[in-house]
Every structure is written in C-alpha cells, then in structure tokens.
Amino acid sequence: LAVLDQLGDSAQLTRRFADALRAWREVADSASAAGDRIAAARATRKIATLHELNCDWARALDARQDAAAAFAQGANHAEAALDLHAAGVRLRNAGQYSAALEILGRAAAAAQAGGAADLGIRIAALTGNVHARGGRVSEGIAMVRAALARALERNRPDLASEAYMRLADSIERTSDLTAAIDAFRGGLELCERNGLPVATNVCLMCMSAALFRTGAWDEAAAAARRVLGSPDSDAIAIGGANAIQGLVHVLRGELRRARPLLVAAGAFSRSANFATMEFLSRWGLALHDALSGDNAAAAEGCRNVLSRWRR
C-alpha cells in the first residue's frame, strides 16, 4: 500500500490525475478492508484534494466527508475536523450556507473531541460568518467576536487575522461599511505587523470590495493593485482583485482595460465555485456590454446573474 500511495503522489506531481486517482482509490479500499481506517482516511483526503485540483467540487465535498468519517472511525477526531472545516469553507464560498452550517456543526464537535482548540477557533469564526451571511447577523457577529477574542488571548496572530476577516465580512451584512472597513484595517495591521503576507493580501482584497461599495474607487483600486503586484497573493486574492479592478475601470468608462480583468475574475470564480466573485464579474461584464451599446448582451448577462442567484 505504501508503494501504491507513492505512485499516486508521483502521478499527481506529473499531472497524471487519472493514474493518481486509481492508485489512491486502491489504497483507500484496501486499507478500509484491512481495518486500517487512518490509512484509508489519508488516501481519501488525497482524493479530495485531487478533485479540488480538477475543480470537481461535488466529488471533492463527498471525498472530504468520507475522509472525515474514516478519521473519526479511527478515533482521530482532530484530523476529521480538518476535513470538515475544509468542506465548510468551500460551501461558504459557494453560498450554500445551510449545508455549510450542518458540516461546521460536525466540525466543531470533532475538534472538541480531538482537543484541537486552535482549529476550534477557526471553525467558530467561520460558523459565525456563515450565520451572518445567512441572515442571522447579530448572532453571527457575536460568535466571530468571541472567536477573535480567544485567538488574541492565545497570542495567535494567524488565527486572529482570519477571525478579523470573518468579522469584517460579517459586519458588511449590516451595511455599516465604515465599521467593516475599520475591521479590515485592524486585520490588515495585525497581518503586516506579524509578517503574514498571504493573509495580508486576502485582507486587502476583501477590503477593496468594501471600499468599492462606498464609492472610494481610488482606494479600492489601489488595494487591488497591491494584491495583483504581490508575489504572495493566493488565487482567491488575485481573482477578487481582478474583479474589483475591472469594475472600477468599467464604471469609469475604461472599457478596454476592464474586460480582460473581468473575464479573468469570472473564469476563476467558476473554477473555484466562489459565488461572490462570480456575481461581481458577471455584473461587471453586463455593465461593460451596456456601456458598449450591446443592450441585448447586457440583458442576457443580467438574466444569467439572476439565474445564478436563484441556484
């Protein structure tokens, strides 16, 4: 089984995903039949990651839950919580809040059973944010604030930076954008002070969206440019920054500069199943069509936004 597992690793590194999938499925099935739940769980986690690389989010979600179940059967509840948290993040990004809350409830229980206090803070912050996004705003904000307080008490800037971003995003649901931006700035300052460049750029991207909504387009565009110019930006930060930069250009009538950014943001949002970014990019492209005089394409774009919203 160890050799098969290594074959899967090698196949993934050379992008022979079908070969990797076959190897890890055999490892998972054989380990499970032999009663080795932990080995089966680890192989299933690799399968989940492989599906994510292929942007096959439905299969990835199923595999994450299967991995969590196998870890739990092997009495490794902390590892089970990791997979359930990862699934919750994906569902939150996809706008599937009820499903996210169900999985995050299981993640919180697994983290507690496994003594994973730090992961429990991340799960609590995410759960509060999902509650806020789903309409239970006051309750959600209170949960995120409590998680942030725990992160700060433990002197964990990595956890606190994530909680700050969840808090700011939750406050946005109240439409108090000034308070949300203040929270983003707090998180940004903490990230920069503690040398967390990837988190810094995610925070900048999220803050640029809030700034855009207030009409502070210059500052929003400047934040987006910082993200796009940094070697430490992850794919989500780059996609979001493209969307905001493209929207600023299109609303200023700079149509030729806007379209490539919006198209890039749209392509990423669909591959990552990131609902907010998908709405922003689709809306921007509809505005682009309208300002270009193609009203039929603009109307179709708006219908597509509404159709996606209903899903």
Quick one: do Leu291 and Leu251 satisfy side chain to side chain contact (heavy atoms under 4.5 Å, CB included)? Show the steps, please. CA-CA 9 Å; Leu291 292 170; Leu251 288 170; 5.6 Å; no

Measuring from Thr44:OG1 to Phe71:CZ, what's the distance to the nearest 0.5 Å? 8.5 Å

Apply salt bridge (Lys or Arg N to Asp or Glu O under 4.0 Å) to the pair Glu102 and Arg106, showing each step before the final yes or no. CA-CA 7 Å; Glu102 189 275 328; Arg106 290 157 51 200; 3.2 Å; yes

Trace of the side chain to side chain contact (heavy atoms under 4.5 Å, CB included) decision for Leu101 with Leu91: CA-CA 9 Å; Leu101 288 172; Leu91 288 166; over 6 Å; no

Count the heavy atoms of every other residue, nucleotide or ligand shown that sit under 6.0 Å from CD of Gln73, and state whether that count exceeds 12. yes

Looking only at atom types and distance, does a side-chain atom of Thr214 sit under 3.5 Å from a main-chain N or O of Leu211, one as donor and one as acceptor? yes

Heavy-atom distance under 4.5 Å between the side chains of Glu254 and Arg257, does that happen here? yes

Between the main-chain N or O of Gln6 and the side-chain N or O of Ser10, is there a donor-acceptor pair closer than 3.5 Å? yes

Hydrophobic clusters here meaning ILVMFWY residues chained together by side-chain heavy-atom distances under 4.5 Å, can you tell me if Phe274 and Leu204 are in one? yes

If we only count heavy atoms from C-beta on, is the Asp36 to Ile38 side-chain gap below 4.5 Å? yes

To the nearest 0.5 Å, atom CZ of Arg185 lies from atom SG of Cys203 at 10.0 Å

Provide the closest heavy-atom pair for Arg150 versus Ala124 in the form atom of the first, atom of the second, distance. NH1-CB, 4.0 Å

Nearest 0.5 Å, please: how far is CZ in Phe212 from CH2 in Trp217? 6.0 Å

Which value, rounded to the nearest 0.5 Å, describes the distance between Leu126 atom CG and Met165 atom CE? 12.0 Å

Shortest non-hydrogen separation from Met205 to Val227 and the atoms involved: N-CG2, 3.9 Å

Over all atoms of both residues, closest heavy-atom pair of Gly239 and Met277: C-SD, 3.3 Å

Looking at every heavy atom in both Ala223 and Ser208, which two are closest together, and how far apart are they? CB-CB, 3.8 Å

Could you check if a side-chain atom of Asn273 sits within less than 4.5 angstrom of a side-chain atom of Arg90, using non-hydrogen atoms only? no

Worked check of salt bridge (Lys or Arg N to Asp or Glu O under 4.0 Å) between Arg133 and Glu139: CA-CA 11 Å; Arg133 281 178 162 243; Glu139 178 184 344; over 6 Å; no

Passes side chain to side chain contact (heavy atoms under 4.5 Å, CB included), Leu255 versus Ser292? Steps please. CA-CA 8 Å; Leu255 304 185; Ser292 300; 3.4 Å; yes

For the CZ atom on Arg15, are there more than 12 heavy atoms of other groups (residues, nucleotides or ligands in this structure) within a distance under 6.0 Å? no

For the pair Arg92 and Asp169, evaluate salt bridge (Lys or Arg N to Asp or Glu O under 4.0 Å) and give the outcome as yes or no after the intermediate values. CA-CA 12 Å; Arg92 178 263 191 196; Asp169 186 89; 3.5 Å; yes

Tested for side-chain contact (heavy atoms from CB on, under 4.5 Å) against Leu285, the lone hit among Val263, Val250, Leu280 is Val263

Tightest non-hydrogen contact, residues Ser170 and Asn129, listed as OG-ND2, 3.0 Å

Co-membership, hydrophobic cluster, residues Leu262 and Val248, 4.5 Å side-chain: yes

Rounded to the nearest 0.5 angstrom, the CZ-CG distance for Phe279 and Asn304 is 11.5 Å

Can a salt bridge be assigned to the pair Arg42 and Glu79 using a cut-off of 4.0 Å between side-chain N and carboxylate O? no

Salt bridge (Lys or Arg N to Asp or Glu O under 4.0 Å) for Arg303 and Glu300? Distances and angles first, verdict last. CA-CA 5 Å; Arg303 282 191 287 269; Glu300 181 61 23; 3.1 Å; yes

With no hydrogens and no angle check, is any side-chain donor or acceptor of Trp57 less than 3.5 Å from a backbone partner on Ser271? yes

In Å, rounded to the nearest 0.5 Å, how long is the span from CZ of Arg166 to CD of Glu162? 5.0 Å

For Leu104, does its backbone N or O pair with a side-chain atom of His85 as donor and acceptor, under 3.5 Å? no

Flag if over 12 foreign heavy atoms under 6.0 Å of CD, Gln65: yes

Please give me the minimum heavy-atom distance between Ile171 and Ala179, naming the atom from each residue. CG2-CB, 3.8 Å

